[in-house]
Amino acid sequence: MKPWYKQLHWQIIIGLVLGLFWGLAASLTGLTEFTTDYISPIGTIFINLLKLIAVPLVLASLIVGVTSLNDIAKLSRMGGKTIAFYMVTTVLAITIGLTVVNVIQPGTFLPKETQVELMEGYKQNLEGSSESAQEVMDRSPLAFFVDIVPQNFFAATSDNSNMLQVVFLAILFGIGIIQLPIQKGEILINFFDSLNEVIIKIVDFIMLAAPYGVFALMAGVIVDLAGDDLTRALDLLGALGWYCVAVLLGLFLHLTLVYASLFKLFSNMKLTDFFRAIRPAMLLGFSTSSSSATLPVTMERVEKNVGVDEEVSSFVLPVGATINMDGTSLYQAIAAVFIAQALGLDLSIAQQLTIVLTATLASIGSAGVPGAGIIMLVIVLQAIEVPVEGIALILGVDRILDMCRTAVNITGDAAVSVAVAHTEGLLGDMHFDD
């Protein structure tokens with residue numbers, strides 16, 4: 001067994017802690033500009049490297065997975081199970097969020113003067129999110145399915161936010177290969193199989209830089225939050241403390257109750273062993289706030305450590321990075337009710353049920369990138385007729401909570417892949433290499 005300081009998850013944790021201390025020190029000593037100019041870019045480069053290989057990894061691994069199935073009926077069955085699991089866990093996440101926020105009622109703890117100050121300071125930043133949300137609401141009910149089918153192969157594979165289009169192309173390409181004569185099909189299968197192996201090796205190389213990338217990302221987040229006025233940031237965190245407690249408690253309950261129940265019903269895996277196996281992916285998701293950027297690492301850990309067959313992981317995880325937003329949906333519910341409480345608005349049962357429906361639908365097709373949750377929240381608030389400007393009350397702590405809910409999103413993707421693999425008889429033994 002490797003010494004603890006050589007284990008990846010410990011290196012990432014050390015990077016997170018050091019980045020936190022550097023960010024705080026930079027805010028106190030006036031090194032914010034140095035951090036922004038010379039340290040934050042390192043984190044951006046790290047995220048870009050992960051995004052660089054996300055599309056080719058999904059394309060290659062899913063084509064290989066589809067061709068290895070050699071059975072279109074089996075592919076359809078797996079797809080139905082995947083979507084069903086994702087929808088159920090999302091609804092449960094929203095329900096937990098509503099329960100927690102109604103019990104704690106964090107909106108009643110927010111000082112009125114803080115509301116006014118932040119509302120004025122952030123109102124101008126909401127215009128773009130409000131317009132984007134309105135565009136989503138004005139779309140056809142079938143627009144989601146239209147967006148899945150790309151007009152151009154190269155356009156679809158050149159944008160990480162088009163992951164569902166990449167999944168569609170890979171499935172279509174894989175089905176086409178299945179229909180070819182064996183001699184011709186094997187050439188393409190071997191090519192994509194080799195490409196998949198190369199990309200996995202590249203993931204290993206990139207992960208060597210993970211501790212440094214995480215350090216830079218965390219330092220940048222703290223500096224952006226605090227600026228040169230650390231006292232203001234700490235005051236804001238204190239004022240919104242109960243809101244943060246509600247979100248974190250909801251995420252914890254979802255992790256421990258929903259996923260534990262999922263494993264109890266659909267596998268014999270222990271929740272603690274599962275967390276141990278995917279720790280690096282969870283920590284990376286926490287530091288990057290991006291399900292899509294973390295996807296290559298999530299796939300590697302789920303296949304090599306959790307024991308999910310590549311046939312399942314190559315399909316379930318890319319789809320999950322796009323439509324499964326357990327953590328974000330839970331946050332939507334808590335944030336919407338919190339804003340209503342802070343503005344003195346009482347939400348009826350019908351309005352809270354509307355939150356369940358709207359947040360679930362808004363999570364489908366939501367880009368797995370930082371900040372997408374704000375646009376989703378605008379949609380939810382408009383559905384229950386709560387002033388969209390109320391988002392200004394939570395923007396100060398949104399970045400930190402975004403990191404937490406992204407870790408839960410990634411965990412949910414991996415958990416569903418375990419359940420689907422078990423029902424398909426494609427769940428192997430777990431392996432712990434660190």
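For reference, positions follow the sequence shown, starting with 1. Keep in mind that the numbers below use all heavy atoms, side chains included, and drop hydrogens, waters and symmetry copies. Owing to the predicted nature of the structure, the values given are computational and were not obtained by experimental measurement.
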> With no hydrogens and no angle check, is any side-chain donor or acceptor of E186 less than 3.5 Å from a backbone partner on Q183?
Replying inline: no
> Do F338 and V247 touch side chain to side chain, with heavy atoms closer than 4.5 Å?
Replying inline: no
> Would you say the side chain of I39 lies within less than 4.5 Å of the side chain of F215, judging by non-hydrogen atoms?
Replying inline: yes
>> Counting only heavy atoms from other residues, nucleotides and ligands, does the tally under 6.0 Å from OH of Y38 exceed 12?
In response: no
> Is any side-chain heavy atom of V418 closer than 4.5 Å to a side-chain heavy atom of F266?
Replying inline: no
> Which heavy atom in I177 sits nearest to a heavy atom in I63, and how many Å separate them?
Replying inline: CD1-CG2, 3.9 Å
>> Using every non-hydrogen atom in the two residues, find where I334 and A246 come nearest and quote the distance to one decimal.
In response: CD1-O, 3.4 Å
> Taking all non-hydrogen atoms of both residues, which atom of L330 and which atom of H254 are closest, and how far apart?
Replying inline: CD1-CB, 4.1 Å
> With under 30° as parallel and over 60° as perpendicular, where do the rings of W22 and F34 fit, or are they tilted in between?
Replying inline: tilted
>> Taking the ring centre of each residue, are Y259 and F274 less than 6.0 Å apart?
In response: no
> Measuring from C404:SG to F252:CZ, what's the distance to the nearest 0.5 Å?
Replying inline: 13.5 Å
> Given F173 and L59, is the side-chain contact (heavy atoms from CB on, under 4.5 Å) satisfied, shown in steps?
Replying inline: CA-CA 9 Å; F173 206 88; L59 194 63; over 6 Å; no
> Do L427 and M269 have side chains that get closer than 4.5 Å, going by heavy atoms?
Replying inline: yes
>> Distance check, rounded to the nearest 0.5 Å: L16 atom CG versus F286 atom CZ?
In response: 6.0 Å
> Between atom OG1 of T157 and atom CG of N152, what is the distance when rounded to the nearest 0.5 Å?
Replying inline: 8.0 Å
> Within the distance-only criterion (no hydrogens, no angle test), does the side chain of R301 pair as donor or acceptor with the backbone N or O of R279 below 3.5 angstrom?
Replying inline: no
> How far apart are the C-alpha atoms of K81 and E424, what are their side-chain angles, what is the distance that settles it, and do they pass the side-chain contact (heavy atoms from CB on, under 4.5 Å) test?
Replying inline: CA-CA 10 Å; K81 290 178 182 178; E424 292 289 329; 2.8 Å; yes
> Taking all atoms of both residues into account, what is the closest heavy-atom pair of A260 and L271, and its distance?
Replying inline: CB-CD2, 4.0 Å
> From D413 CG over to S313 OG, what is the distance, rounded to the nearest 0.5 angstrom?
Replying inline: 12.0 Å
>> Consider side chain to side chain contact (heavy atoms under 4.5 Å, CB included). Of I410, L284, V302, which one does V297 pass it with?
In response: L284
>> Treating Y86 as the side-chain partner and V316 as the backbone partner, does any N or O pair qualify as donor plus acceptor under 3.5 Å?
In response: yes
>> Which heavy atom of P150 sits nearest to which heavy atom of A156, and what is that distance?
In response: CB-CB, 3.6 Å
>> What I'd like to find out is whether the side chain of P211 reaches to under 4.5 Å of the side chain of I14, using heavy atoms alone.
In response: no
> Would you call Q332 and I355 a side-chain contact if the rule is heavy atoms closer than 4.5 Å?
Replying inline: no
> Tell me, do L295 and M299 make a side-chain contact under 4.5 Å, heavy atoms counted?
Replying inline: yes
>> Working note: Y243 + L401, criterion side-chain contact (heavy atoms from CB on, under 4.5 Å); need CA distance, chi angles, decisive distance, verdict.
In response: CA-CA 10 Å; Y243 166 68; L401 295 179; 3.3 Å; yes
> When you look at N305 and I278, which way does the side-chain contact (heavy atoms from CB on, under 4.5 Å) test go after all the steps?
Replying inline: CA-CA 7 Å; N305 296 79; I278 66 164; over 6 Å; no
>> I need the L248 CG to L253 CG distance, nearest 0.5 Å.
In response: 11.0 Å
>> Looking at Q179, I want to see if its CD is surrounded by more than 12 non-hydrogen atoms of other residues, nucleotides or ligands under 6.0 Å.
In response: yes
> Do F46 and I206 come within less than 4.5 Å of each other through their side chains, counting heavy atoms only?
Replying inline: yes
>> Within this structure, what is the CD1-CG distance for the pair I53 and L49, rounded to the nearest 0.5 Å?
In response: 8.0 Å
> Should the heavy atoms of other residues, nucleotides or ligands under 6.0 Å from CD1 of I182 be counted, would the total exceed 12?
Replying inline: no
> Are the side chain of S329 and the backbone of D326 linked by a donor-acceptor contact shorter than 3.5 Å?
Replying inline: no
> Minimum heavy-atom separation for V380 to A336, with atom names?
Replying inline: CG1-CB, 4.0 Å
